[in-house]
Amino acid sequence: MSTAKRNLLEKVWDAHTVRELPSGQSQLFIGTHLIHEVTSPQAFAMLRERNLPVRFPNRTFATVDHIIPTDSRERPLADPLAEAMFVEIEKNTKANHITFFDEASGHQGVVHVMGPEMGLIQPGMTVACGDSHTSTHGAFGAVAFGIGTSQVRDVLATQCITMNRLKVRRILVEGELRPGVYAKDVILHVIRTLGVNGGVGFGYEYAGSSIENMEMEERMTLCNMTIEGGARVGYVNPDEKTFAYMKDRPYAPKAEAWDRAVEWWKSMASDAGCSFDDEVRFDAATIAPTVTWGINPAQAIGVDENVPTTESCPEEERAGIAEALEYMKLQPGGPVAGTPIDVAFIGSCTNGRISDLREAARVAQTGKVAEGIKALVVPGSQDVDRQARAEGLPAIFEAAGFEYRQAGCSMCLAMNPDQLVGDQVCASTSNRNFKGRQGSPTGRTLLMSPAMVAAAAIAGYVTDIREVLK
Ligand code: SF4
């Protein structure tokens with residue numbers, strides 16, 4: 001083995017390369033494969049057509065998240081298409097001896113919330129899932145790829161995927177985050193600065209004192225949205241916080257195996273003095289509570305800034321800015337703070353974890369949901385829900401006028417009954433503000449942190465969380 005200093009991505013890549021292909025791509029072995037009901041049925045069908053078995057059923061884990069209603073779970077589901085997907089994943093997991101974390105397991109949830117909770121994601125591992133936001137799992141020092149349906153087929157059949165080797169950009173965030181500024185604001189700020197395509201061809205290594213100070217759930221928020229900046233994967237080097245989070249999780253190594261694993265995990269972290277293909281630095285003190293005003297996550301500004309005008313932007317960006325302004329119907333040049341909302345959504349694989357709910361509940365205690373606002377709180381998993389109940393959070397939300405629901409993707413992508421209507425404006429903790437993302441072709445999404453969404457629900461409009469937390 002080479003003694004040259006390597007970063008984590010290089011080490012993980014080398015350790016999982018089965019062979020280099022004539023195309024120049026690497027054939028990579030996948031440690032953990034996560035599946036859900038939306039992208040797996042076609043993959044299983046392709047396997048059946050070729051009469052192929054699942055190669056390593058003990059390395060694939062399933063749950064149901066996108067289509068599951070967050071109010072009534074009664075079967076059959078009211079939507080026949082959703083019910084058909086549900087039945088399909090039940091059949092496929094049973095027939096192929098794959099563990100299925102359904103509601104009866106007590107661990108059902110958004111796939112990117114469930115995986116880490118179960119200890120299925122470990123440092124130095126390769127992870128794949130037929131879902132864009134698989135980058136979430138890089139928070140553990142794993143290299144985690146969102147893959148397409150034909151690659152889901154490949155992983156089921158061979159436990160491998162073919163990938164082009166990625167360059168690595170180190171994103172350094174140094175210093176203390178200011179009050180009211182969260183991991184969500186950091187990643188929106190990074191994407192705003194580098195653009196939605198800025199990371200194409202790269203994996204992002206997040207480092208620096210701000211990242212080291214983040215808890216695991218904050219690191220998951222950060223890595224979750226990496227894909228929105230064009231980078232295929234994002235990761236944080238494993239440290240004592242990583243190991244503390246993983247200890248005693250159901251699938252984490254136990255006893256002596258734990259000690260051996262920790263040694264190996266530490267060895268997979270980027271070597272001191274290793275090189276990167278690029279490096280970008282951010283000063284944490286310059287990051288404000290951030291909110292999107294447009295139709296992609298880079299169209300974001302500090303809550304105290306004004307929505308841009310087309311004239312204020314470089315020539316090459318004007319068409320995109322004009323399209324976003326027209327769709328969002330916000331006042332060009334006007335403040336984003338004060339923008340009225342119709343719906344508030346707290347949940348998703350970005351911000352549906354217990355620390356997110358705690359932070360939102362803290363704000364919910366400051367008032368009542370404004371007249372006419374629909375406000376939803378959706379735990380990311382049944383485990384998050386159990387913890388929230390143990391801490392009395394549902395009662396806090398309900399007393400403030402929020403609806404507290406059951407675990408699922410809910411209104412993030414709205415492949416279930418939780419959807420926007422007409423051109424409603426939704427303050428959302430999720431990760432995409434694309435046109436029509438939340439179920440209505442004219443619905444409008446403003447991305448922000450859970451505390452900011454809770455504050456907007458109470459005020460009825462976009463609010464600077466720093467004013468509320470004073
Ligand atoms: S919460 Fe949203 S982004 Fe995450 S897996 Fe579900 S639909 Fe996808």
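As the structure lists them, so they are numbered: ligands from 1, and atoms in each ligand from 1. Keep in mind the model is a prediction, meaning the values are calculated, not measured.
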**Request:** Determine, considering heavy atoms only, which of Glu228, Met411, His66 sits nearest to atom 8 (Fe) of ligand 1.
**Result:** His66

**Fill in**
Numbered in order shown, the ligand 1 atoms found under 4.0 Å of a heavy atom of Arg437 are 2 (Fe), 3 (S)

**Item:** NZ/NE/NH1/NH2 to OD/OE distance under 4.0 Å, Arg153 and Glu49
**Value:** no

**Message:** Do Tyr204 and Cys223 make a side-chain contact, defined as non-hydrogen atoms from C-beta onward lying under 4.5 Å apart?
**Reply:** no

**Request:** Please work out whether the ring planes of Tyr404 and Phe397 are parallel, tilted or perpendicular, with thresholds of 30° and 60°.
**Result:** parallel

**Asked** Which N, O or S atoms belonging to the protein are less than 2.8 Å from atom 4 (Fe) of ligand 1?
**Response** Cys349 SG

**Request:** Apply the test side-chain hydrogen bond (donor to acceptor under 3.5 Å, both in side chains) to residues Thr242 and Asp239: give CA-CA distance (whole Å), side-chain angles for both, the deciding distance (0.1 Å), then the verdict.
**Result:** CA-CA 5 Å; Thr242 319; Asp239 61 9; 3.1 Å; yes

**Prompt:** Are Lys241 and Glu218 within salt-bridge range, i.e. N to O under 4.0 Å?
**Reply:** no

**Prompt:** Cut-off 3.5 Å, side chains only: do Asn416 and His66 have a donor facing an acceptor?
**Reply:** no

**Asked** Are any side-chain N or O atoms of Thr162 and backbone N or O atoms of Ser26, one a donor and one an acceptor, separated by less than 3.5 Å?
**Response** no

